[in-house]
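As structure tokens, the structure follows; a few thoughts come after it.
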Amino acid sequence: MKIPRAYFQYGDVVSLARDLIGKSIFTLQDGHLTGGIISESEAYAGVTDRASHAYGGRVTSRTKVMYEEGGISYIYLCYGIHYLFNIVTAEKGIPHAILIRGIYPTHGIGVIRERRKKVAFDKLGDGPGKVTQCLGLTLKHNGIPLDGDTVWLEETRSFDPRGLIKEGKRVGIDYAGKDASLPWRFFLDIKKASQRIETPG
């Protein structure tokens, strides 16, 4: 069952970022299904959050997608190198977003390894730039709905993340002043989680 767009329109982006840990994300491209369990996320609280691209109500050609109704993607190029995948949340006009910083691959692992050009399993999806590589996401997927046939999320039936979720400061946002210390990053204890996760391949 795909998670409906209404789920992403919840107003508390921090709670939603935590709730996403343990859910599964999938892509279907060129006949290849790839996916994994979300293992790390960061919340960005729109106009009041100094770390957000939309802080202070900023609207640009890049950030305008953040003001759309929750349940679509926000993908941007970071440092001219990596595509980063975010989920737009909240109601239309409220530019909240959640950065997906990590996944634990479970589906299409052979394809994921080809995309990542990596053999070590534990290094496949352990970073936001790696997430988009694993899933084959680029700027052409910016603004697409997350309940369609290209990218979607599901509950993970075979995995319960309770007791395995940690929190901490967000990464790489020292410029955000006091907001840099907010504990809005959530992540799995991967060592323990890997003992519970089934990987059909």
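Heads up: numbering here begins at 1 and tracks the sequence. Values in this document were obtained by computation on a predicted structure and should not be read as measured data.
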- Message: Run the side-chain contact (heavy atoms from CB on, under 4.5 Å) test on F159 and L164 for me, step by step, so that the C-alpha distance in whole Å, both residues' side-chain angles and the decisive distance to 0.1 Å come before the verdict.
- Response: CA-CA 11 Å; F159 174 65; L164 300 178; 4.0 Å; yes
- Which residue pairs satisfy the salt bridge (charged side-chain N to carboxylate O under 4.0 Å, His left out) criterion with at least one member in residues 24-45, sequence neighbours excluded? E40-R101, E40-R185, E42-R101
- Item | salt bridge (charged side-chain N to carboxylate O under 4.0 Å, His left out) contacts in which one or both residues fall within residues 48-60, not counting sequence neighbours | D49-R170, R50-D179
With a 3.5 Å distance limit and no angle check, can you tell me whether [X] reaches the backbone of [Y] through a side-chain donor-acceptor pair?
X    : Y    : answer
S52  : Y44  : no
R115 : T132 : no
H32  : Q29  : no

Counting only pairs under 3.5 Å, give me each side-chain donor-acceptor contact of residues 75-93, with atom names and distances, residues two or more places apart or in other chains.
| residue | atom | partner | partner atom | Å |
| --- | --- | --- | --- | --- |
| N86 | ND2 | Y74 | O | 3.0 |
| K92 | NZ | E68 | OE1 | 2.9 |

Side-chain contact test, heavy atoms from C-beta onward, threshold under 4.5 Å: evaluate it for [X] versus [Y] and give yes or no.
X    : Y    : result
R113 : F121 : yes
S158 : I197 : no
F8   : I3   : yes
M1   : E155 : no

- Query: Any link between L139 and V131 through a network of hydrophobic side chains (Ile, Leu, Val, Met, Phe, Trp, Tyr) touching at under 4.5 Å?
  - Reply: yes
- Message: Under the rule for salt bridge (Lys or Arg N to Asp or Glu O under 4.0 Å), what residues qualify as partners of D174, not counting sequence neighbours?
- Response: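 Expected list: none.
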- With sequence neighbours left out, what residues match K169 under salt bridge (Lys or Arg N to Asp or Glu O under 4.0 Å)?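 So K169 forms no salt bridge (Lys or Arg N to Asp or Glu O under 4.0 Å) with any residue.
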Can you list the residues that meet the side-chain contact (heavy atoms from CB on, under 4.5 Å) rule with [X], with sequence neighbours excluded?
X    : value
P95  : V47, A54, M66, Y67
A6   : none
E114 : none
D12  : Y10, V14, S15

- Task: Mind running side-chain contact (heavy atoms from CB on, under 4.5 Å) on D189 and K191 for me, showing each step along the way?
- Result: CA-CA 6 Å; D189 182 330; K191 186 174 181 180; 3.8 Å; yes
Report the distance from atom [atom1] of [X] to atom [atom2] of [Y], rounding to the nearest 0.5 Å.
X    : Y    : atom1 : atom2 : answer
D122 : Y104 : CG    : OH    : 9.0 Å
I100 : S39  : CD1   : OG    : 9.0 Å
C134 : I112 : SG    : CD1   : 5.0 Å
L16  : F186 : CG    : CZ    : 10.5 Å
L99  : W184 : CG    : CH2   : 14.0 Å

Could you pull out the closest heavy-atom pair between [X] and [Y], with the gap in Å?
X   : Y    : answer
A97 : V13  : O-CG2, 3.7 Å
A17 : A43  : CB-CB, 3.8 Å
V65 : G143 : CG2-CA, 3.8 Å

- Salt-bridged, D160 to R196, with N to O below 4.0 Å? no
Going by atom type alone, with no hydrogens or angles, which donor-acceptor pairs under 3.5 Å involve a side-chain atom of residues 144-152 and a protein atom two or more places apart or on another chain?
| residue | atom | partner | partner atom | Å |
| --- | --- | --- | --- | --- |
| D149 | OD1 | K2 | NZ | 2.9 |
| W152 | NE1 | E154 | OE2 | 2.9 |

- Scan residues 160-181 for pairs that pass ring-ring contact (aromatic ring centres under 6.0 Å, His included), counting only residues two or more places apart or in two chains. none
- Message: Determine whether I103 and I37 satisfy the following criterion, side-chain contact (heavy atoms from CB on, under 4.5 Å), listing intermediate values before the conclusion.
- Response: CA-CA 5 Å; I103 64 168; I37 292 172; over 6 Å; no
Quiz: residues 21-28 side-chain donor-acceptor pairs under 3.5 angstrom, not counting sequence neighbours:
| residue | atom | partner | partner atom | Å |
| --- | --- | --- | --- | --- |
| K23 | NZ | D19 | O | 3.1 |
| K23 | NZ | D19 | OD2 | 3.1 |
| S24 | OG | T156 | OG1 | 2.7 |
| T27 | OG1 | T34 | OG1 | 2.7 |
| T27 | OG1 | L135 | O | 2.9 |

- Step by step, work out the side-chain contact (heavy atoms from CB on, under 4.5 Å) result for L20 and L153. CA-CA 9 Å; L20 282 173; L153 280 77; 3.7 Å; yes
